[in-house]
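All values reported here derive from a predicted model rather than from experimental measurement. Every heavy atom of this structure was used, including side-chain atoms; hydrogens, water molecules and symmetry mates were not. Along the sequence shown, the residues carry numbers beginning at 1.
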Amino acid sequence: MSAAERAEPGLVCAFAVTRTPPGPSALASVPGHEEGGPLRVLDAGGLYVVVQDVPEALFGEQALAERLNRPADLERCARAHHRAVEAAAGMGGPRAGAAGGAAVVPLPMATLYRGDRSALRAVDERRPVLEALLDRLRDRTEWAVKVHAAEGSADAAPGPPAGPEGSGSGGRAYLSRVSARRRDRQEAHGKARTEAEAIDAELRRHAVAATRHRPQSERLTGRRTPQLLNAAYLVENADRDAFTRALAALTAEGGRPSVRADASGPWIPYSFARWDEEPVPETGRREVPA
């Protein structure tokens with residue numbers, strides 16, 4: 001694709017809203033969609049929107065739908081979107097949004113407008129929601145925790161050994177072994193679920209809000225065992241040490257033998273920043289001073 005095609009105007013892709021606009025040098029160092037122009041900032045009167053001009057030939061409704069149905073194109077779009085959200089937070093790298101980054105409201109991927117005026121009007125119409133989200137997310141980050149059943153527990157609990165050939169045990173013994181194996185599997189799965197719930201309950205004690213996403217399939221996780229918990233936690237930066245200590249204790253090898261827990265963070269709080277959804281309620285664990 002030629003430089004002229006890349007610079008072709010058409011649509012405006014909006015990535016994130018913030019109260020603290022990133023500087024020109026920070027934006028210049030971050031590529032957005034490879035088919036579009038440089039990242040830039042729109043002033044919405046106290047709110048700032050990080051946007052990029054993109055060609056309608058590639059980002060129009062039908063063309064974009066076709067591209068997002070191709071896994072490689074979908075991944076490229078998602079990475080470009082995340083880079084631009086990081087730029088809006090004023091921090092680069094995979095942990096943008098950690099302590100020191102500006103609060104941002106990431107917009108859904110492929111949020112497109114026909115020109116700056118349309119983008120600014122959309123922000124103005126949602127101003128109260130955006131202001132409330134930015135207040136809520138200030139000095140807070142997201143942590144992700146995924147809990148799977150341990151290998152050999154819920155997925156493959158062993159049954160009793162088969163009886164010797166010719167023992168005369170017959171069909172009753174076989175059905176008894178099948179029933180015992182089913183019981184073992186159910187008990188193992190129940191124990192794993194109980195441990196996953198205990199992990200979630202403990203982490204919620206150290207977070208201001210938490211939300212659960214749909215568990216991922218074994219095809220996506222690459223594991224043989226089911227995913228029991230796919231959760232995100234909104235944590236005050238000031239309470240990060242307490243949260244990470246609890247996390248370390250819960251995910252320590254052998255601490256909870258029926259499950260395996262993996263955690264990552266801190267991240268920009270995507271799970272708690274949707275401007276088109278009801279906000280996840282806070283836990284209310286802190287007393288608010290009068």
Side-chain angles (χ1 to χ4, degrees), residues 16-22 26 47-48 82 85-107 128-148 193-216 227-256 259-275 277-290:
V17 177
T18 181
R19 290 194 181 109
T20 308
L47 297 178
Y48 299 89
H82 184 60
V85 173
E86 290 178 342
M91 297 181 68
R95 300 212 170 185
V104 297
V105 175
L107 304 182
V129 174
L130 290 166
E131 294 277 11
L133 281 172
L134 288 166
D135 286 342
R136 184 178 193 238
L137 300 178
R138 185 175 58 244
D139 299 324
R140 293 172 172 177
T141 50
E142 176 174 331
W143 293 74
V145 176
K146 302 179 192 298
V147 179
H148 294 80
R193 283 201 172 278
T194 298
E195 291 190 2
E197 293 296 330
I199 288 173
D200 182 52
E202 175 63 19
L203 292 177
R204 284 172 184 261
R205 293 181 56 242
H206 302 280
V208 294
T211 188
R212 292 192 183 194
H213 301 300
R214 185 189 302 275
Q216 296 171 314
Q227 188 174 88
L228 305 175
L229 179 69
N230 182 12
Y233 303 88
L234 186 64
V235 179
E236 293 272 9
N237 289 340
D239 295 333
R240 181 180 301 175
D241 288 348
F243 182 84
T244 54
R245 282 196 300 271
L247 203 53
L250 292 167
T251 58
E253 186 73 25
R256 293 184 177 272
V259 296
R260 294 291 180 268
D262 300 305
S264 63
W267 307 109
I268 291 171
Y270 283 93
S271 300
F272 304 92
R274 291 296 299 269
W275 72 348
E277 294 179 354
E278 287 295 318
V280 177
E282 298 198 2
T283 62
R285 64 181 180 80
R286 289 182 179 75
E287 296 183 1
V288 178

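With a 4.5 Å cut-off on side-chain heavy atoms, Leu234 and Leu137 count as touching. Considering only heavy atoms from C-beta on, Thr20 stays 4.5 Å or farther from Tyr48 through its side chain. Using a 4.5 Å cut-off on side-chain heavy atoms (C-beta onward), Pro269 and Arg140 make no contact. Proximity of Arg212 to Leu229: side-chain heavy atoms (C-beta onward) are separated by under 4.5 Å at one or more points. Two residues are said to be in side-chain contact when any heavy atoms from C-beta on lie closer than 4.5 Å; Trp143 and Ser264 fail this criterion.
Annotation for Ala261 and Val147: closest pair CB-CG2, 4.0 Å, computed over non-hydrogen atoms. Closest of all the heavy-atom pairs between Tyr233 and Ala210 is CD2-CB, 3.5 Å. Contact record, Ala273 with Leu133: O-CD1, 3.7 Å, taken as the closest heavy-atom pair. Residues Ala207 and Val235 approach most closely at CB-CG2, 4.3 Å, considering heavy atoms. Counting all heavy atoms, side chain and backbone alike, Ala87 lies closest to Pro22 at O-CB, 3.3 Å. Residues Pro215 and Asn230 share a closest heavy-atom pair of CA-CB, 4.2 Å.
Under the rule for a ring-ring contact (aromatic ring centres under 6.0 Å, His included), the partners of Tyr270 that lie at least two apart in sequence or sit in another chain are His82. Annotation: side-chain contact (heavy atoms from CB on, under 4.5 Å) contacts of Arg19 (sequence neighbours excluded): Leu47, Glu131, Leu134, Asp135, Arg138.
Distance alone, capped at 3.5 Å, is enough to place a donor-acceptor pair between the Thr18 side chain and the Ala103 backbone.
A salt bridge does not link Arg245 to Glu202: none of the charged nitrogens lies less than 4.0 Å from a carboxylate oxygen.
Taking CG of Leu203 as the reference point, atom CG of Leu247 lies at 5.5 Å (rounded to 0.5 Å). Taken to the nearest 0.5 Å, the CZ atom of Arg214 stands 12.0 Å off from the CD atom of Gln227. Rounded to the nearest 0.5 Å, atoms NZ (Lys146) and CG (Asp262) are 9.0 Å apart. Here CZ of Arg260 is found 9.5 Å from CD of Glu195. Values are rounded to the nearest 0.5 Å.
Remark: of the listed residues Thr194, Ile199, Leu250, Ile199 is the sole one forming a side chain to side chain contact (heavy atoms under 4.5 Å, CB included) with Val259.
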